[in-house]
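If you read the sequence from its start, that first residue is 1, and numbering goes on from there. In listed order, ligands and their atoms are each counted from 1.
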Amino acid sequence: MVLCPVIGKLQHKHVVLASASPRRQEILSNAGLRFEVVPSRFKEKLHKASFATPYAYAVETAKQKALEVAGRMHQKDLRAPDVVIGADTIVAVGATILEKPVDKQDAYRMLSRLNGKEHSVFTGVAIVHCCSKDGRLDTEVSEFYEETTVTFSELSEELLWEYINSGEPMDKAGGYGIQALGGMLVENVHGDFLNVVGFPLNHFCKELARLYYPPRPEGLRRVKHDSIPAVDTFENLSDTEGGGSDPGPSAEGGRGGEEADGDRSQAPGALDAALNGAESRPPFPTGLLELMDGFKASKVLFTACKLKLFDVLKDQGPLKAVDVARKLDACAGGTEQLLDVCVALGLLEKTHRGYSNTAVTTLHLVSDAEHSLLGLAEYNDAHVWGVFTRLGLAVREGAGQARGALGVTEEEEHLSQSREMTLQFMRAMHSLSKLTAHHVATAFDLSRFTSACDLGGCTGILARELAREYPHLQVTVFDLPEVIELSGGFQRGGRQTERIRFVPGDFFKDNLPEADLYVLSRILQDWPDDRLHKLLSRISSGCKPGGGLLVAEAAAEEEEGASRSPRLRTLSAGQPRSPDEHRRLLQRHGFRDVRVARAGDLLRVVLGTRAAP
Ligand SMILES: Cc1cn([C@@H]2O[C@H](COP(=O)(O)OP(=O)(O)OP(=O)(O)O)[C@@H](O)[C@H]2O)c(=O)[nH]c1=O
């Protein structure tokens, strides 16, 4: 019996579990999944400090494990499996990540840290859909994580050593196995138990449901009450409900169908209900109403950022509304309203002690946070907001040379040359690149290259990540003189900096610095076709045979899960390209062996090798 119908969707696919963990194998086969086991050879060696959170590390490791197996199987017989599943379980005590102990002393150190306290267990999971076409491997990665909190009892030294000497801790994250003897150490578990054991089965089924069952239009959503109602997202998943044939994985988020209308056309009282007019009542348009208010939510966020509200609360919170108003030098009533709206938007928490930042706000909306997105908020508020106010006019009248509906006006062109505007743009790019650079730098193994040139590399965030990942790589950041001049203010030193140099120039006019690998990250989409081909042909002529071109661009929406931002961006830039369009683009400019991979949630990365002319 297959309880989760979506597991049945994988029945006729070649599924590979890229894991040696016997626990994962057991959990998945108990769930009725048929799969081959090919343990991954990916070494768990990612640089932990470069991840903003422990779970980001687990997710990336899971992804690399699965991609390694997909790549190896494809290389071996030029056929990849349909789906490869990778997972990584870690134990986190605050920001410290514990993996499997290397010896007994290490196990002792780990268990002592967990003793009498609460910790989190994260499992990152990657589901890689593979496709081999003309000898090339294409992959689409969906990834997620699950957190469970576990509390250990106060344990004596003697008991810890007895447990260690049982041998159980050695192949387990954090040095314990909750499913066996280790269960005796545990006082409390909050969350999915199987997630601690090594695989979050429930979340996995929901993720498959999201991938394989795209939401149907609002009006068509109905719940079949004879399907399995135990888990919310599973409710509308029977095959007949899905409309017959296998829709295949969909990147659209899909939680639809759970509301209370029911399938009245099949229910005994259907005719009565129809006569009463209940059937003609449309479903409540919650999503649409939220969309209508979307601009207000953005403006609240921008305003709070501009007022430095999150900085004040970070340093001095929790604070009452009057105290926040005093610190911001603002009106008490207005401040309280803003604070309450921020609470409703999930940006703040409110307790009897006052208002404080939420975890995501602390990570991303505080000025000095490593992964602060304040620069992006500032740029969107100061520039993009204004551009979008004339969308109607731009659609009616066209936008000159621009590829998107919203071209740049002369006034904006002029303004964009101002120092303040350049700085604002750089701050936005800087904060966005911090989120994406690691994914771009590690989407492919670039260790064969000894020099790289990041064209339009702005403040050098990607350059720094490349230098950190590849200890033998020299990296040049090439950008306009005014950008290079201002980039100094963004540098923070660090061991890699001596391998990075900044060179001013215009990639449409000046000689490109020599390099084995050229990098274009989020550049191509901003240019109309003629400019783009000019740039690519300049790179192609500068690139020696065997050299590489790495392009990172926004992935098209249909590959994008729930994110709408690339599609919205088409209004001010151009359409995101498909993997095939990217491949053809690079081939047209003399690059061969073009490979495509996803780099995190936002970007797709393409790597081509310059063929001999
Ligand atoms: C906390 C806890 C962990 N584990 C096991 O810890 C390993 C984690 O290591 P991993 O690196 O994620 O996996 P692996 O075993 O090295 O396999 P692989 O996927 O090939 O890397 C996995 O085994 C899990 O079950 C338990 O069995 N019980 C528990 O309570």
Side-chain angles (χ1 to χ4, degrees), residues 15-31 33 35-46 48 51 54-70 72-73 84-93 96-102 106-107 110-111 113-115 117-128 143-153 155 160 163-164 166-201 203-204:
V15 180
V16 166
L17 175 64
S19 173
S21 167
R23 276 76 56 182
R24 285 190 190 121
Q25 295 166 23
E26 194 180 335
I27 292 169
L28 284 169
S29 53
N30 283 347
L33 187 71
F35 54 88
E36 181 187 353
V37 175
V38 181
S40 180
R41 292 181 195 160
F42 176 76
K43 297 271 171 286
E44 291 167 36
K45 61 161 176 41
L46 297 173
K48 296 192 181 67
F51 291 88
Y55 57 80
Y57 169 82
V59 168
E60 185 60 27
T61 306
K63 178 175 131 188
Q64 296 302 337
K65 284 182 186 180
L67 287 174
E68 187 278 324
V69 168
R72 182 153 41 95
M73 292 183 77
V84 182
I85 303 164
D88 190 61
T89 302
I90 55 162
V91 164
V93 193
T96 310
I97 295 176
L98 307 179
E99 294 181 285
K100 288 163 289 190
V102 290
D106 199 23
M110 289 184 181
L111 291 167
R113 287 199 79 150
L114 306 178
N115 199 357
K117 285 201 303 242
E118 183 185 273
H119 64 268
S120 291
V121 180
F122 292 103
T123 300
V125 176
I127 307 170
V128 178
E143 49 193 39
F144 66 89
Y145 72 92
E146 183 69 29
E147 174 177 14
T148 306
T149 46
V150 177
T151 311
F152 268 32
S153 296
L155 306 162
L160 286 187
Y163 180 57
I164 292 165
S166 74
E168 191 175 281
M170 297 319 293
D171 62 343
K172 301 187 180 69
Y176 73 96
I178 198 167
Q179 69 279 18
L181 291 177
M184 289 188 269
L185 318 179
V186 171
E187 199 164 274
N188 184 287
V189 180
H190 186 76
D192 182 353
F193 180 84
L194 290 183
N195 182 49
V196 185
V197 181
F199 200 81
L201 183 62
H203 197 156
F204 175 70

#### Entry: Under 3.5 Å donor-acceptor, Q64 side chain and F42 backbone
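Pair absent, no side-chain N/O of Q64 close to backbone of F42.
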Where does the angle between the aromatic ring planes of Y55 and F122 fall among parallel (under 30°), tilted (30 to 60°) and perpendicular (over 60°)?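 Y55 and F122: tilted rings.
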- Task: Describe, in one word, how the ring planes of F144 and F204 are oriented to each other, choosing from parallel (under 30°), tilted (30 to 60°) and perpendicular (over 60°).
- Result: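 Plane angle between 30° and 60°, so tilted.
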Starting at OG of S19, measure out to CD1 of I85 and round the result to the nearest 0.5 Å.
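Spacing of OG (S19) from CD1 (I85) equals 10.0 Å.
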Heavy atom of the protein closest to [atom] (residue, atom name, distance):
{"atom": "atom 2 (C) of ligand 1", "answer": "V196 O, 3.1 Å"}
{"atom": "atom 30 (O) of ligand 1", "answer": "I178 N, 2.8 Å"}
{"atom": "atom 24 (C) of ligand 1", "answer": "V197 O, 3.2 Å"}
{"atom": "atom 11 (O) of ligand 1", "answer": "E44 OE2, 3.0 Å"}

Logged contact type for F199 with ligand 1, heavy-atom cut-off 4.0 Å, is neither
[X] heavy atoms, cut-off 4.0 Å: which ligand 1 atoms fall inside?
{"X": "A20", "answer": "17 (O), 18 (P), 19 (O), 20 (O)"}
{"X": "K65", "answer": "10 (P), 11 (O), 12 (O), 13 (O), 18 (P), 19 (O), 21 (O)"}
{"X": "T89", "answer": "8 (C), 12 (O)"}
{"X": "D171", "answer": "6 (O), 7 (C)"}
{"X": "G177", "answer": "28 (N), 29 (C), 30 (O)"}

Around atom CD of E44, are there more than 12 heavy atoms of other residues, nucleotides or ligands at under 6.0 Å?
-> yes
